[in-house]
Amino acid sequence: MLTKAPRGTRDLLPEECAKWLYIENVFRETCTLFGYQEIRTPTFEHTELFQRGIGETTDIVEKEMYTFEDKSGRSITLKPEGTAPVARAYIEHKLYNNPLPVKLFYITPCFRYERPQAGRYREFHQFGIEAFGSPSPLIDVEVIALAVLFFEKLGLSQLEVHINSIGCKACREDYKKALKDFLFKKKDFLCDTCLLRLERNPLRILDCKNPNCQKILEDVPKIVDYLCDDCRRHFAEVEKGLTTVGVKYQVNPGIVRGLDYYTKTVFEIISEELGAQSTVCGGGRYDNLIEECGGPHTPAAGFGIGIERLVLILEAKGLIEIPSKEMDVFIAVMDENYREYGLQLLYRLRKTGFSAEMDNMGRSLKAQMKYASKIPVKYAFIIGEDEVKSGKITVKDLATGEQDKVSCDEAEIYLKNKIRKGC
RNA sequence: GUGGAUAUAGUUCAGCUGGUUAGAACGCCAGAUUGUGGCUCUGGAGGUCGUGGGUUCAAGUCCCACUAUCCACCCCA
């Protein structure tokens, strides 16, 4: 236990960190292009926020939250998703006094107590964006388009965009009733979990994967047929907007999303590279969340992207760039007598902006050279008796094996000309 | 929470029906006549065989429990 990360968590070793950093940079870049600004919210919140925001009957709140009491008896929960905390911050800091819409993005760890699986961890990370204050379908379009552009920048253009509308409060109730009536007649053919859902949350039956239920669902009433005029118009404009900005999508009536706060547009972006967890991005519009959390009526929309899943896809497709960790210089010294001379040069180079390294293991010159080529490093500076006497360092290009003599004073200039960097 | 598979060096694995000091490859470290890497050769370090019980003269090898990992269900990112 002592030497093992807790179940469902993991360490990102340097090589993996480099990949994450690259992806994060692409995400930040994309968000900036769309005018979204970064926000960072706490790792934990009052439990109440998630109960109220996500919904008491959702799986997340019912069985997946990391909830505990702190030393003064407050109920605290590690954030299971990113939207509710951002919504809370929006209200707390009265960001609605800014010119609307307020557009924010975040990169955050999330925590859910579940059995780990392919692309599923107990601590996982999300990229997300939220746009507050605009009821316009063009915001829905922008949110989806931002995700799509982000994936494209990473080289992923084959991902499927599935969209649906689950209506507003009013039309959803009508639909739920119609759905219940329909399914009630077929209840003998539904699986056990769907029978439970029939009472508690009938919408959830729509994405059941049980083959028998799937068959029944073929003729199920579709929510698009129950949308009110406003919701119908909204959805049509989302579709039109997506087409205008060149986002390919498909309408999928099965997309209902597991969080209670969604209204109108919901969407998922799916990859076939992931096993059972095929959703890499999920989001939609949530026009009531801010008000339910005690803020002014504020329509909003956003998405969350699972970073671990994204990395899995990029790795499967060979699209992940691993930046070279090659260093500029290794200073190899003959023996202890020349260490000080080398050390001075080492820090001179580092201060100038060259990455430089020197032996700290008491290795022989030969072993130092061996180590230098393993790091790896572009140039080895060799310092011994001759070099110190003449003031000229032996420089070896480890790629070609060629050697040069360079005045110690002009080492930076030499490097600058060779690798166009620093100074 | 449910089901299935797995658990041997840093890594990937071998170890047949239980039988002497648990192996290989790669990696790591050090040498190959003394101021230099990548190739080659030689040597070395490194394993409570997931943990705890049990069966047996004897268990990495059989049985049980626990833990962890992987996969799937549920649900989601």
Side-chain angles (χ1 to χ4, degrees), chain A residues 1-10 13 54 57-64 79-83 107-128 147 191-194 196-197 201 204 207-210 255-259 266 268-271 274-283 302-313 330-335 337-338 359 361-388 393-403:
Chain A
M1 285 294 127
L2 186 62
T3 52
K4 203 152 201 170
R7 185 165 205 200
T9 69
R10 58 186 195 144
L13 300 179
I54 299 172
T57 64
T58 58
D59 274 26
I60 293 178
V61 172
E62 276 188 343
K63 49 184 205 192
E64 295 172 6
K79 62 171 128 173
E81 54 98 48
T83 299
I107 300 174
T108 186
C110 294
F111 305 85
R112 289 186 204 169
Y113 189 86
E114 295 180 274
R115 289 277 286 265
Q117 211 178 307
R120 168 183 292 167
Y121 301 90
R122 289 185 170 179
E123 181 189 32
F124 61 101
H125 297 77
Q126 282 193 354
F127 293 138
C191 69
D192 291 348
T193 38
C194 281
L196 280 172
R197 289 169 173 148
N201 198 341
R204 211 59 71 66
D207 56 13
C208 182
K209 278 139 200 148
N210 181 305
I255 305 279
V256 292
R257 318 249 70 229
L259 294 77
V266 289
E268 287 185 13
I269 299 179
I270 290 166
S271 167
L274 300 165
Q277 278 67 45
S278 56
T279 304
V280 64
C281 172
F303 68 64
I305 290 173
I307 304 181
E308 283 81 357
R309 291 182 186 179
L310 178 56
V311 172
L312 285 177
I313 299 170
F330 185 91
I331 296 176
V333 293
M334 265 312 297
D335 57 57
N337 296 327
Y338 309 102
D359 172 61
M361 299 292 286
R363 282 190 242 253
S364 68
L365 179 64
K366 187 174 187 152
Q368 289 178 54
M369 292 300 288
K370 204 169 185 175
Y371 176 72
S373 60
K374 277 180 192 165
I375 298 179
V377 63
K378 293 191 188 79
Y379 297 98
F381 283 12
I382 299 163
I383 296 171
E385 194 182 355
D386 298 348
E387 286 78 7
V388 171
I393 296 163
T394 301
V395 175
K396 182 165 189 171
D397 183 325
L398 290 183
T400 64
E402 286 166 17
Q403 293 202 173

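All values below come from the heavy atoms of this structure, side chains included, with hydrogens, waters and symmetry mates left out. In what follows, every chain begins at residue 1, and chains take the letters A, B, ... in the order their sequences are listed.
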Exercise for the section: Let me know the distance between CG of Leu312(A) and P of rC70(B), rounded to the nearest Å. Expected result: 11 Å
Exercise for the section: Would you kindly give the CZ-to-P distance between Arg120(A) and rG1(B), to the nearest whole Å? Expected result: 14 Å
Practice task
Measure from CZ on Arg7(A) to P on rA68(B) and round the result to the nearest Å.
Solution key: 5 Å
Exercise for the section: Rounded off to whole Å, could you give me the OH-to-C1' distance for the Tyr121(A) and rA77(B) pair? Expected result: 12 Å
Practice task
To the nearest Å, give me how far apart CG (Asp59(A)) and P (rU2(B)) are.
Solution key: 16 Å
Problem - Gap between atoms CD and P, on Gln126(A) and rC76(B) respectively (whole Å) - result: 13 Å
Handout entry: Atom P, compared across rC28(B) and rU67(B): separation rounded to whole Å
Key = 38 Å
Check nucleotides 3-6 of chain B against the protein and report each pair of N or O atoms closer than 3.5 Å, with its distance, or say if there are none.
| unit_1 | atom_1 | unit_2 | atom_2 | d |
| --- | --- | --- | --- | --- |
| rG3(B) | O6 | Arg115(A) | NH2 | 3.1 |

Handout entry: Tyr113(A), OH atom: more than 12 neighbouring heavy atoms under 6.0 Å
Key = no
Handout entry: Whole-Å P distance, rC16(B) and rG54(B)
Key = 25 Å
Problem - Distance-only donor-acceptor test, Glu114(A) side-chain atoms vs rA77(B) base atoms, 3.5 Å - result: yes
Exercise for the section: Quick one: list whatever passes side chain to side chain contact (heavy atoms under 4.5 Å, CB included) with Asp397(A), sequence neighbours left out. Expected result: Tyr379(A), Ala399(A), Thr400(A)
Handout entry: Axial cation check for Tyr371(A) ring with Arg363(A), 6.0 Å and 45° limits
Key = yes
Exercise for the section: Starting from C1' on rU36(B), measure out to CD on Gln403(A) and report it in whole angstrom. Expected result: 7 Å
Practice task
Going 5' to 3' through nucleotides 29-35 of chain B, assign each nucleotide B (protein heavy atom under 4.0 Å from a base atom), S (under 4.0 Å only from sugar-phosphate atoms) or - (no protein heavy atom that close).
Solution key: SS----B
Problem - Strand RNA chain B as a dot-bracket string - pairs counted if Watson-Crick or G-U with both distances under 3.5 Å, | where the partner lies in another strand - result: (((((((..((((.....[...)))).(((((.......))))).....(((((..]....))))))))))))....
Exercise for the section: Can you tell me, in whole Å, how much space there is between the C1' of rG4(B) and that of rG19(B)? Expected result: 34 Å
Practice task
Have a look at Cys281(A) and say if it touches a base, only the backbone sugar-phosphate, or nothing, with a 4.0 Å heavy-atom cut-off.
Solution key: sugar-phosphate
Completion exercise
note: Leu398(A), atom CG; rC39(B), atom P; distance rounded to Å ~ 13 Å
Handout entry: Sequence-distant partners of Glu387(A), side chain to side chain contact (heavy atoms under 4.5 Å, CB included), two or more places apart
Key = Thr394(A), Lys405(A)
Fill in the blank from the handout: Hits for ring pair (Phe, Tyr, Trp, His ring centres under 6.0 Å) against Phe111(A), two or more places apart or cross-chain, chain-then-number order -> none
Exercise for the section: Considering only atom C1', compute the distance from rG52(B) to rG15(B) and round it to an integer number of Å. Expected result: 24 Å
Problem - Same-atom distance (C1') from rA9(B) to rG46(B), integer angstrom - result: 6 Å
